[in-house]
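Reckoned from all heavy atoms, side chains included, excluding hydrogens, waters and symmetry mates.
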Amino acid sequence: MVCDLKDKITIVTGGGRGIGKEISRYFAQAGSKVVICSRNLKNSNETADEIMKSGGEALALQVDVASGTSVKESVQKVLDKYGRLDILVNNAGITRDGLLMRMEESDWDEVMAVNLKGTFHFIKAVLRPMMKQRSGRIVSITSIVGMMGNAGQANYAASKAGIIGLTKSIAKEVASRSITVNAIAPGFIDTDMTSQLSKERQDAMLKMIPLGRFGTPMDVAKLALFLCSDLANYITGEVIRVDGGMAMSV
């Protein structure tokens, strides 16, 4: 048995770049019709174009995940076009790093609004159609810093820890409707976001990874595909690390 998503309808938030882009492309290769949601429509369109040029089907939408209205409208567009919704991958996220004693309240609020509240908005918007179908897959991208903390990222770590609690709670609420809800906790993944770190910071983090390399977006996409396939029918409420062993002691 393979991870086949033929004719499944998938929403990927933050799907225009980085991990979300790789998940979008990988799911399309597995047969899913992919809806790419991001605040930057240009990024979403570029990813959708790549998928369609490769023979897949994709739809690009501009969505502000921090806005409940924007999220509801986007989910309704998906339902109007396809008539169903099978998979949600919550990947949209931002950072506003800084030591807490110097952190502006706006930096805290913006990270919470996008990372945690955005995940809440999308899960809430998709639950009704999934419950009506009595099937669905929800996967949210958290982070190992949500499990172990990280100096200078109190807002980001708190938002990602919140996603873990949200995942476990919703998993219990909807399990009776055959909807699974899981989270993936990446470690240091080589993306545009992490490439902004100094070489010294990157070298220090590399020493903490037993496998001796940084992860790739594909490492995360492979696990997301598994969790959204029929191979993972009996897995729910889990948080699975993709970190090369970095958080092994947690």
Applying side-chain contact (heavy atoms from CB on, under 4.5 Å) to Phe214 and Ile189, what does each step give before you reach the verdict? CA-CA 6 Å; Phe214 297 138; Ile189 305 298; over 6 Å; no

Mind running side-chain contact (heavy atoms from CB on, under 4.5 Å) on Ser38 and Thr13 for me, showing each step along the way? CA-CA 6 Å; Ser38 70; Thr13 73; over 6 Å; no

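For the residue pair Asn115 and Ser159, a side-chain donor N or O sits within less than 3.5 Å of a side-chain acceptor on the partner. Judged purely by distance below 3.5 Å, without hydrogens or angles, the side chains of Thr10 and Ser32 pair a donor atom with an acceptor atom. In summary, the side chains of Ser140 and Asn90 do present a donor paired with an acceptor at a separation below 3.5 Å, with no hydrogens or angles considered. With 3.5 Å as the limit, one finds no donor-acceptor pair spanning the side chains of Ser135 and Ser178.
Connection of Val78 to Leu41 is not established within any shared hydrophobic cluster, with ILVMFWY side chains joined at heavy-atom distances below 4.5 Å, either directly or through further cluster members. Residue Leu231 is grouped with residue Leu223 when hydrophobic side chains (ILVMFWY) are merged at heavy-atom distances under 4.5 angstrom, including chains of intermediate members. When hydrophobic clusters are built by joining Ile, Leu, Val, Met, Phe, Trp and Tyr residues whose side-chain heavy atoms come closer than 4.5 Å, directly or via intermediates, Met52 is not grouped with Ile9.
Judged purely by atom type and a 3.5 angstrom limit, Thr167 has no side-chain atom pairing as donor or acceptor with the backbone of Ala183. Side-chain atoms of Asn91 come within 3.5 Å of backbone N or O of Gly14 as a donor-acceptor pair. In this structure a side-chain-to-backbone donor-acceptor pair under 3.5 Å is missing from Ser169 to Leu166. At distances below 3.5 Å, at least one donor-acceptor pair connects side-chain atoms of Ser229 with backbone N or O atoms of Phe226. In terms of modelled atom types and a separation under 3.5 Å, the side chain of Thr47 and the main chain of Asn43 share a donor-acceptor contact.
For the pair Pro210/Met248, a side-chain contact is recorded, criterion being any heavy-atom separation below 4.5 Å from C-beta on. Annotation: side chain of Leu59 is in contact with side chain of Lys81 (closest heavy-atom distance under 4.5 Å). Side-chain contact between Ile87 and Val89: present, with at least one pair of heavy atoms (C-beta onward) separated by less than 4.5 Å. In this structure the side chain of Thr95 never reaches within 4.5 angstrom of the side chain of Val111, judged on heavy atoms. By the 4.5 Å heavy-atom criterion applied to side chains, Ile138 and Phe122 are not counted as neighbours. Using a 4.5 Å cut-off on side-chain heavy atoms (C-beta onward), Gln133 and Asp86 make contact. Annotation: side chain of Pro186 is in contact with side chain of Ile184 (closest heavy-atom distance under 4.5 Å).
Taking 4.0 Å as the cut-off between side-chain N and carboxylate O, Arg241 and Asp243 count as a salt-bridged pair. Between Lys168 and Glu238 no salt bridge is recorded (no basic side-chain N to carboxylate O distance below 4.0 Å). Remark: Lys33 engages Asp7 in a salt bridge, criterion side-chain N to carboxylate O under 4.0 Å. Under 4.0 Å is where a charged nitrogen must lie from a carboxylate oxygen, and between Glu73 and Lys77 no such pair does. Salt bridge Lys8/Asp230: absent, no basic N to carboxylate O contact under 4.0 Å. Using a cutoff of 4.0 Å between basic side-chain nitrogens and carboxylate oxygens, Asp49 and Lys53 are not scored as salt-bridged.
Listed by first and then second residue, the salt bridge (charged side-chain N to carboxylate O under 4.0 Å, His left out) pairs involving residues 103-129 are Arg96-Glu110 (not counting sequence neighbours).
Of the options Thr236, Asn182, Asn233, a side-chain hydrogen bond (donor to acceptor under 3.5 Å, both in side chains) to Arg137 is made by Asn233 and by none of the others. For the side chain to side chain contact (heavy atoms under 4.5 Å, CB included) with Ile235, the qualifying choice from Val181, Thr180, Leu227 is Leu227, the only one to do so.
Applying the side chain to side chain contact (heavy atoms under 4.5 Å, CB included) test to Met218 and every residue at least two apart in sequence or in another chain returns Glu22, Tyr26, Thr216, Ala221, Lys222.
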